[in-house]
Structure formats: C-alpha cells, structure tokens
Amino acid sequence: MRRVSRLKAMTSPATTDDTRPTVPGSGPRAAPATATAAARADLVFTPEPMLVHERVIDWFEVHARDLPWRAPECSPWGVMVSEVMLQQTPVVRVLPRWRDWMQRWPRPVDLAQAPTAEVLTAWDRLGYPRRALRLQAAAQAMVERHSGEVPDTAEALRELPGVGEYTAAAVACFAFNQPEVVVDTNIRRVHARAFTGDALPGKTYTSAQRKLAVELMPATAPDGGATACAWNASAMELGALICTARAPQCEICPVADLCAWRAAGSPAPTEEQQTRGQGWAGTDRQVRGAIMAVLRTGDAVERDELLEALPLPEASAEQRARCLDSLIGDGLAAQTETRVSLPGA
DNA sequence: AAAGCGGGGTC
DNA sequence: GACCCAGCTTT
C-alpha cells in the first residue's frame, strides 16, 4: 500500500496540531526529521489505517445507535430487509416500516406468499417501490433455491433480485460475520476525507475508491473477520453521525487529528465532487409517486378518474398516461378493463 | 459512465 | 430551492 501521499499544500495552518497525541507513531506520519519546515508544510500524510480502525471501532462501541437490525437476536432476514429498505432511504424513516414488516413477514417464506398489493401497501412511502417488488422476488428465490433461508455468502446474495454489490456485502458481513468489503455512501465519504483528503467522494464509485476500500480492510487472520466487520459498521456509523456530508462534526470526531482532509485545511468540494440533485417537480418520478399514493389507499379505481384526480396541475394528460403505463409495465400497478389497482388487489 | 427511479427532512 | 439519504438496474 502506498504509505505516504503527496497532497495539495495546506492552505491554512493546521488547527489540530496541539491536540495531536504525542505517543510515538500514533499521529499522522511525521515528515522526516531532515525535512525543512517549508517542505514539511507542503506534505500531508495519510493516516495509519490500523490506528484509525482502533479509534473508530472504539468510538462505535460507545456511540453506535441502538438500531433493531443490529441486535444480536435479529435474524439474517431482518438484516436483509433493513439493507434493502435503507437503499437511498434514511434510517429514521425506515425504522417504523421495518418493525411492521418484520412483525408481519418474519421469514422469507412469509413474504414470498404475501399478496403483492399488501407488500406495496406496507412499503408505504419509503420510495422506490420497485425495491419492495424485488425484495419479494428475492424472498421467493430464497424459498425456491435456498430452502427459505437467506444465503450466507456475498456471491449467492448477489444473485438475488435487488441485491447489488453493497447489499450483498452488507448482509454477508452484518448477518453472517463475513469479512466482505462494505462500501456505502457514508464509508466512501469517510475514506475520501480521512485517507484521500477530499471533501467529498464524488458521484460515481471509482475503481480507485474500491481499491482503497480493499486496502483499508483489517487483516482477517487474527480473529476470523470480527475486526473487519466491526470496521465496516464503525466507518459507516461515523459517516452517518459525525463525518456527515453537510456539516461534519469534526470537533467530536475520534480521528480528526488523523484526517487527511483536515490536514489539508478542509478544502471545499471541487466542481467534480459536487453531486447535483436529480430534480423532482415535474418529473415522471413525481407523477408515478402520486399515482402509487392513490393506489395504496385502497380499491380499484377508474383509470380516467385516477389520472384526472392527481394533485399535480402541471402534469399533462400524456405524462399521466405514460406514467401509469410505466407503472403497469413495472408490475407496480395492474389494469383490468378500465379499472386500475395495485397488482393482485 | 450516465440516466431513471421516491419521498421527505434539512439548510 | 438545492442537497442528501446503508443503491440497483438498464442503457
């Protein structure tokens, strides 16, 4: 692994020098004693990964949120449901839906057999309802191909509908204690700041970022993967609670004194690192969401009345029709004769 | 690599 | 009003 990276020159005096530990080897690698002061100021060093692991894992053990899918008694299925619900949806909104879901469908086979209309209604307004369809399809695949159990390897998980690189690794790690490389938006940001020195990781997950994530994984030999899983969970939690996208709380960050981004003077995000939102008003996603909101309220409705009643004055008749047809094509809605409903309702 | 896909909280 | 959130799938 590259041990020292030459980054942008510091734009302001480091404010954390006084707080850096004096224990030998516990701070960012110091510049060689022979370097001049000018040369030293021009260098920013990446932190020692093992020290960051220890600090962040220790922090996690004290400050981690008490989330139900982290409980020791939570089933692999509970972990998997949480991971799918958490795809692009904040924890606080997932919590109540997850509790209801697990109460209602405590095993994969229970969801596999449920009417799709009920599944979509229970999904409520978590967003991206295709996730609910795929989760049910995944449950059906588990019944058919895995004896109704959640697969215990990332490779097998990856074959399930709606399970991508992140979710496969996360379920394998958090449900089965396997040392997979878990990389979500929080972890990408923590890596970008602490190790790369960037304000934000950027929109796309690059091969360089994946390589860094692999290199940062703790060795698995000593404990069979326990530290690796702890690192995954801890880095994610740090990104969610402290190293946030908007206003990171560096004052209480356990690795503030080791952070490459801080050492570089906390530069603002570059143009390249800006994410740019997708837009919402006027999009098909908004119209589709409005249609789904009506369908979730109950029985079949006349197609024309449904489309007319949408609370979106800006949406043209063409857009409304196109969106309903796309929902039907996605399996999120069904039409018999002129009446529309959730599928199977 | 980029676009499409939901919805709500926050600054 | 723009940004952000434990991403996945398709083009």
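Quantities reported herein were computed from a predicted structural model and do not represent experimental measurements. Proteins get letters first, then strands, A, B, ... in listed order; numbering begins at 1 in each.
Between Val255(A) and Trp59(A) the shortest side-chain heavy-atom distance does not fall below 4.5 Å. At a threshold of 4.5 Å between non-hydrogen side-chain atoms, the residues Tyr166(A) and Val183(A) do not count as touching. Taking the side chain as every heavy atom from C-beta outward, Arg55(A) and Asp257(A) approach each other to under 4.5 Å. In this structure the side chain of Arg131(A) reaches within 4.5 angstrom of the side chain of Trp123(A), judged on heavy atoms. Put simply, the side chain of Thr89(A) does not reach to within 4.5 Å of the side chain of Tyr128(A), judged on heavy atoms. Here the side chains of Val163(A) and Met80(A) are in contact, with some heavy-atom distance below 4.5 Å. Using a 4.5 Å cut-off on side-chain heavy atoms (C-beta onward), Glu302(A) and Leu306(A) make no contact.
Spacing between dC8(C) and dG9(B) at atom P, rounded to whole Å, works out to 24 Å. With both ends at atom P, the span from dA6(C) to dG4(B) equals 24 Å, rounded to whole Å. Taking the P atoms as reference points, dG6(B) lies 16 Å from dT11(C), given to the whole Å.
Here dG6(B) is the nucleotide among dG8(B), dG6(B), dA6(C) with the atom lying nearest to any side-chain atom of Gln278(A). Listed nucleotides dA6(C), dG7(B), dT9(C) differ in distance to Trp280(A); the shortest reach to its side chain belongs to dG7(B). Side-chain proximity of Arg130(A) to dG7(B), dA6(C), dC5(B): nearest is dC5(B).
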Derivation and outcome, side-chain hydrogen bond (donor to acceptor under 3.5 Å, both in side chains), residues Thr167(A) and Gln87(A): CA-CA 8 Å; Thr167(A) 304; Gln87(A) 293 167 2; 2.9 Å; yes
Verdict with reasoning, Arg320(A) to Asp284(A), per salt bridge (Lys or Arg N to Asp or Glu O under 4.0 Å): CA-CA 8 Å; Arg320(A) 295 168 195 234; Asp284(A) 283 4; over 6 Å; no
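Within a heavy-atom distance below 4.0 Å of DNA chain C, the residues of residues 223-254 of chain A found are Met236(A), Ala245(A), Arg246(A). For the segment residues 311-325 of chain A, no residue has any heavy atom less than 4.0 angstrom from an atom of DNA chain C. DNA chain C is contacted by Val163(A), Gly164(A), Glu165(A), Tyr166(A), Thr167(A) of residues 163-180 of chain A, taking any non-hydrogen atom closer than 4.0 Å.
Mapped onto DNA chain C by nearest heavy atom, Leu86(A) and Pro161(A) fall at different nucleotides, with Leu86(A) at the one closer to the 5' end. If Tyr205(A) and Ala290(A) are placed on DNA chain B by their nearest nucleotide, the residue sitting closer to the 5' end is Tyr205(A). Toward the 5' end of DNA chain C, the nearer of the two residues Gly162(A) and Arg65(A), judged by each one's closest nucleotide, is Arg65(A). Remark on DNA chain B: of its neighbouring residues Thr204(A) and Gln286(A), the 5'-side contact belongs to Thr204(A), judged by nearest-heavy-atom nucleotide.
For Arg93(A) and dG7(B), a side-chain-to-base donor-acceptor distance below 3.5 Å is present, hydrogens and geometry of angles not being considered. Residue side chain Thr89(A) reaches the base of dG6(B) through a donor-acceptor N/O pair under 3.5 Å, judged by distance alone. The base of dG6(B) lies close enough to the side chain of Arg285(A) for a donor and an acceptor atom to sit less than 3.5 Å apart.
Taking atom CZ of Arg210(A) as the reference point, atom C1' of dA1(B) lies 13 Å away to the nearest angstrom. The nearest whole Å value for the distance from the CE atom in Met85(A) to the P atom in dG7(B) is 15 Å. Between the NZ atom of Lys203(A) and the C1' atom of dC5(C) there is a distance of 11 Å, rounded to whole Å. Taking atom CG of residue Leu126(A) and atom P of nucleotide dG9(B), one finds them 13 Å apart after rounding to whole Å. When rounded to the nearest whole Å, the span between CG of Asp184(A) and P of dA6(C) equals 7 Å. Atom CG in Leu160(A) sits about 18 Å away from atom P in dG7(C), given to the nearest Å. Summarising the geometry, the separation between CH2 on Trp123(A) and P on dG7(B) is reported as 12 Å, rounded to the nearest angstrom. With rounding to whole Å, Arg188(A) atom CZ is found 10 Å from dG7(C) atom P.
The backbone N or O of Glu337(A) lies less than 3.5 Å from a partner atom in the side chain of Gln335(A), making a donor-acceptor pair. In this structure, Gln178(A) contributes its side chain and Ala154(A) its backbone to no donor-acceptor pair below 3.5 Å. With Arg193(A) contributing its side chain and Cys259(A) its backbone, the two residues share no donor-acceptor pair below 3.5 Å.
For the OP1/OP2 pair of dA6(C) and a distance below 4.0 Å, the side-chain nitrogens and oxygens of Arg70(A) include no atom meeting the criterion. Listed pair Arg296(A) / dG6(B) fails the phosphate criterion, with no side-chain N or O lying under 4.0 Å from OP1 or OP2. Phosphate contact (OP1/OP2 of dG7(C), side-chain N/O of Gln87(A), threshold under 4.0 Å): absent. For the OP1/OP2 pair of dC5(B) and a distance below 4.0 Å, the side-chain nitrogens and oxygens of Arg131(A) include no atom meeting the criterion.
The aromatic rings of Trp231(A) and His191(A) sit parallel, their planes meeting at an angle under 30°, below the 60° perpendicular limit.
Contacts of Leu67(A) with the nucleic acid, taken as non-hydrogen atoms under 4.0 Å apart, include base atoms.
Aromatic ring centres of Trp77(A) and Trp105(A): separated by at least 6.0 Å.
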